[in-house]
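Note that these values count all heavy atoms, side chains included, but never hydrogens, waters or copies made by symmetry. Treat the numbers as computed from the prediction; the structure is a model and nothing was measured.
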Amino acid sequence: MGESNTSLDDQARMLRFLFIFLSLLHPATAAPLLLAQGTKAARVEDAPAATALSGYPLPAPGLPPEGREEEAFAETAPLATLRIDWLNQTPAPEGFEVAVTKKRRIITSTHRLGKTGITRTILATPEAFFVHIVADQPGAIAFRTTLTSTRDGKTTPSGRNELLWASADHAPAKAYVRVIPFESDVEADGDAIVLRGEGECLVIFSLTMLDSPEKPLSGTWQRLAAILDPGEEHPDPSKIWQVILSQAAGP
């Protein structure tokens with residue numbers, strides 16, 4: 001009888017784990033998901049062909065109650081939107097799944113391109129939003145990145161790997177994107193950044209309603225590097241990402 005009860009307990013635990021796991025999975029056609037930390041929030045639409053983060057500054061730290069995200073942002077346009085169009089779509093992506101963890105602070109998606117597995121991790125910190133992409137085969141990651149807004153303003157490239165959007169009617173409001181491939185390089189394409197082939201990459205997206213000379217949004221990467229990989233002339237993006245991920249995944 002004791003062995004039977006133990007077996008039933010084990011089955012119950014397995015079922016609970018399965019229900020929790022399934023509750024975190026979202027199909028590719030899922031409604032936009034919400035990430036937030038500090039005074040920044042992003043509505044995330046992640047699909048095999050494109051990933052978009054629409055960024056909102058929050059009046060105070062916090063999240064709308066679950067199930068009321070649409071209501072909370074329905075009447076407000078995002079300050080700016082980071083869009084990543086995935087260029088490597090042959091063969092067609094298969095097995096796309098999305099999981100949300102850590103109280104809506106981390107979104108992870110996985111899919112296959114033929115025999116290549118690709119994992120995308122999107123997470124929020126008080127400083128910025130991060131999109132990390134890694135493939136288990138070299139050169140499998142290719143995308144085009146843009147930074148746009150429905151509000152009046154202008155996006156300006158900075159070098160090959162940064163974009164800065166500035167509001168036309170509220171000059172302190174800005175949004176920032178930096179693309180950091182771990183091995184190869186990017187190229188500018190007008191007001192876009194293109195990565196043709198990479199095995200691992202990091203994209204940083206941040207925004208503010210009040211940019212300041214003391215802590216400009218355009219210096220986001222430099223501040224992160226100084227804190228997370230101090231003293232290095234050429235900061236290690238892999239090391240910086242691992243620190244960011246471990247901090248976000250903590251208690």
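- Taking the side chain as every heavy atom from C-beta outward, Phe143 and Val203 approach each other to under 4.5 Å.
- Hydrophobic clustering, with ILVMFWY side chains joined whenever heavy atoms are under 4.5 angstrom apart, keeps Val134 apart from Ile84.
- When Leu147, Val177, Thr146 are each tested for a side chain to side chain contact (heavy atoms under 4.5 Å, CB included) with Thr155, only one passes: Leu147.
- A heavy-atom distance below 4.5 Å is found between the side chains of Val179 and Cys201.
- Leu87 and Ile133 are members of different hydrophobic clusters when ILVMFWY side chains are connected at heavy-atom separations under 4.5 Å.
- Residues Leu163 and Phe205 fail the side-chain proximity criterion, which asks for heavy atoms closer than 4.5 Å.
- Although no hydrogens or angles enter the test, the distance criterion places a donor-acceptor pair under 3.5 Å between the side chain of Asp229 and the main chain of Asp236.
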Handout entry: Working for side-chain contact (heavy atoms from CB on, under 4.5 Å), residues Arg196 and Glu187
Key = CA-CA 8 Å; Arg196 299 292 181 186; Glu187 61 186 70; 3.3 Å; yes
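- Side-chain heavy atoms closer than 4.5 Å link hydrophobic residues (I, L, V, M, F, W, Y) into clusters, and following such links, even through other members, never connects Val131 to Val194.
- Ion pairing between Arg223 and Glu127 holds under the 4.0 Å rule for side-chain N and carboxylate O.
- Contact detail for Asn88 and Ala140: the closest heavy-atom pair is ND2-O, 2.9 Å.
- Smallest separation of non-hydrogen atoms from Ala52 and Thr81: CB-CG2, 4.3 Å.
- Between atom CG of residue Leu195 and atom CZ of residue Arg144 there is a gap of 13.5 Å, rounded to the nearest 0.5 Å.
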Practice task
Could you check Phe129 against Leu82 for side-chain contact (heavy atoms from CB on, under 4.5 Å), going step by step and ending with a plain yes or no?
Solution key: CA-CA 10 Å; Phe129 300 98; Leu82 161 68; over 6 Å; no
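- Between Gln242 atom CD and His132 atom NE2 the span is 6.5 Å, to the nearest 0.5 Å.
- The closest side-chain heavy-atom distance from Asp85 to Arg83 is below 4.5 Å.
- Looking only at distances, a side-chain donor or acceptor of Arg151 sits under 3.5 Å from a matching main-chain atom of Ala77.
- Side chain of Asp152 to backbone of Ala168: no donor-acceptor contact under 3.5 angstrom is found.
- Residues Thr119 and Thr110 bring no donor and acceptor atom of their side chains to less than 3.5 Å of each other.
- Checking side-chain atoms of Ser149 against main-chain N and O of Leu79 turns up a donor-acceptor pair under 3.5 Å.
- At distances below 3.5 Å, at least one donor-acceptor pair connects side-chain atoms of Glu198 with backbone N or O atoms of Phe182.
- Residues Arg120 and Asp46 approach most closely at NH2-OD1, 2.8 Å, considering heavy atoms.
- Counting all heavy atoms, side chain and backbone alike, Pro48 lies closest to Trp86 at O-CD1, 3.5 Å.
- By the rule that hydrophobic residues join a cluster once side-chain heavy atoms approach within less than 4.5 Å of another member, Leu224 and Val243 end up as members of one cluster.
- Rounding to the nearest 0.5 angstrom, the gap separating the OG atom in Ser238 from the CD atom in Glu183 is 9.5 Å.
- Distance check, rounded to the nearest 0.5 Å: OG1 of Thr156 to CG of Asp191 gives 7.0 Å.
- Two different hydrophobic clusters hold Leu210 and Leu207 under the rule that ILVMFWY side chains link at heavy-atom gaps under 4.5 Å.
- One finds the CG atom of Leu113 at 4.0 Å from the CD1 atom of Ile118 (value rounded to the nearest 0.5 Å).
- In this structure, CZ in Arg43 is found 12.0 Å from CG in Leu35, a value given to the nearest 0.5 Å.
- A donor-acceptor distance shorter than 3.5 angstrom exists from the side chain of Lys40 to the backbone of Pro126, with no hydrogens or angles considered.
- Minimum interatomic distance between Ser167 and Asp169 (heavy atoms only, all atoms of both residues): OG-OD1, 2.9 Å.
- Within a 6.0 Å sphere centred on CZ of Arg160, other residues, nucleotides and ligands contribute 12 heavy atoms or fewer.
- The side chain to side chain contact (heavy atoms under 4.5 Å, CB included) test with Phe130 is passed by exactly one of Ile122, Ile106, Leu202: Leu202.
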Exercise for the section: Report the C-alpha separation of Ser206 and Leu217 in whole Å, then their side-chain angles, then the decisive distance to 0.1 Å, and conclude whether the side-chain contact (heavy atoms from CB on, under 4.5 Å) test is met. Expected result: CA-CA 7 Å; Ser206 193; Leu217 202 64; 3.6 Å; yes
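- Of all the heavy atoms in Ile240 and Pro235, the pair that sits closest is CD1-CB, 3.9 Å.
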Exercise for the section: In sequence, state the C-alpha distance, the side-chain angles, and the governing distance for Trp241 and Ile180, and then conclude on side-chain contact (heavy atoms from CB on, under 4.5 Å). Expected result: CA-CA 11 Å; Trp241 164 246; Ile180 309 167; over 6 Å; no
